Amino acid sequence: MSGDDRRRRIYATIRRIPPGRVATYGQIARLAGLPGQARLVGYALAALDADSDVPWHRVVNARGAISLPPKGHPALRQRARLEAEGVVFTGDRVSRARFGWNPRRTTSR
DNA sequence: TTCGTGACGTGCA
DNA sequence: GTGCACGCCACGA
């Protein structure tokens, strides 16, 4: 499998994240068939355009926080989009227990 | 070609 | 709860 295929799988997995939910890089990597390679997910997102159809804003790190610089425009945009979908930020973090996406129970909650 | 860096995760102290 | 070390892969210099 080539690197491009991995990126496509990553994007496809991210598209499955329902609105109002967030998934971690490691979770995306695992669902994409790339366990332990969360770094590739981050790199794939870095190469992604802001106007892409991939809901990149629903991807957060294991801490439930945005991995981008908090003061940066992308981070603010991501946070604003998540809040618009109903996601509540506790400080600079998101409660993964409440808003974390569970692929086995696609239905919310 | 090797080396360093990066939207990360897990394990352990 | 936090901080550090190691691992993983892709990409540019």
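For clarity, every value in this text was computed on a predicted model and none was experimentally measured. Labels below follow one simple rule: chain letters A, B, ... track the order of the sequence lines, proteins then strands, and each chain is numbered from 1. Just the heavy atoms: all of them, side chains too, but no hydrogens, waters or symmetry mates, feed the values below.
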Rounding to a whole Å, what distance do you find between [X]:[atom1] and [N]:[atom2]?
| X | N | atom1 | atom2 | answer |
| --- | --- | --- | --- | --- |
| A:L34 | B:dC8 | CG | P | 16 Å |
| A:K71 | B:dA7 | NZ | P | 16 Å |
| A:L68 | B:dG6 | CG | C1' | 12 Å |
| A:R63 | C:dC4 | CZ | C1' | 14 Å |
| A:N61 | C:dT2 | CG | C1' | 15 Å |
| A:R96 | B:dG9 | CZ | C1' | 11 Å |
| A:I10 | C:dC9 | CD1 | P | 13 Å |
| A:L45 | C:dC11 | CG | C1' | 16 Å |

Would you indicate which nucleotide in [options] comes nearest to any side-chain atom of [X]?
| X | options | answer |
| --- | --- | --- |
| A:T24 | B:dA7, B:dG9, C:dC11 | B:dG9 |
| A:Q37 | B:dG6, C:dC9, C:dT2 | C:dC9 |
| A:R39 | B:dG9, B:dA7, B:dG6 | B:dG6 |

* A:R6 vs C:dC9: side-chain N/O to OP1/OP2 distance below 4.0 Å ->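 A:R6 to C:dC9 OP1/OP2: no side-chain N or O under 4.0 Å.
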
* For A:V22 against A:L82, the heavy-atom pair lying closest together ->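 Looking at all heavy atoms of both residues, the closest pair is CG1-CD2, 3.9 Å.
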
* **Nearest heavy-atom neighbours spanning A:Q78 and A:I66** =>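 Smallest heavy-atom distance, with atoms named: OE1-CG2, 3.1 Å.
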
* **Charged N-O contact under 4.0 Å between A:E85 and A:R21** =>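 No, A:E85 and A:R21 are not salt-bridged.
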
* Mapping A:G36 and A:Y43 onto DNA chain C by nearest heavy atom, which one lands closer to the 5' end? ->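 Mapping each residue to its closest nucleotide by heavy atoms, the 5'-most match is A:G36.
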
* **Gap between atom CZ of A:R7 and atom CG of A:L48 - 0.5 Å precision** =>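 Going from the CG atom of A:L48 to the CZ atom of A:R7 covers 8.5 Å.
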
* Asked: Checking all strands, does A:R93 fall into the base, sugar-phosphate, or nothing category for heavy-atom contacts under 4.0 angstrom?
  ->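 The answer is sugar-phosphate, as A:R93 gets under 4.0 Å only of primed atoms, P, OP1 or OP2.
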
* Asked: With a 4.0 Å cut-off on heavy atoms, is A:A46 in touch with a base, just the backbone sugar-phosphate, or nothing at all?
  ->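 Base contact - A:A46 has a heavy atom under 4.0 Å of at least one base atom.
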
* Asked: Would A:R79 count as a cation-pi partner of A:F89, with NZ or CZ less than 6.0 Å from the six-membered ring centre and within 45° of the ring normal?
  ->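 Yes, cation above the ring, under 6.0 Å and within 45°.
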
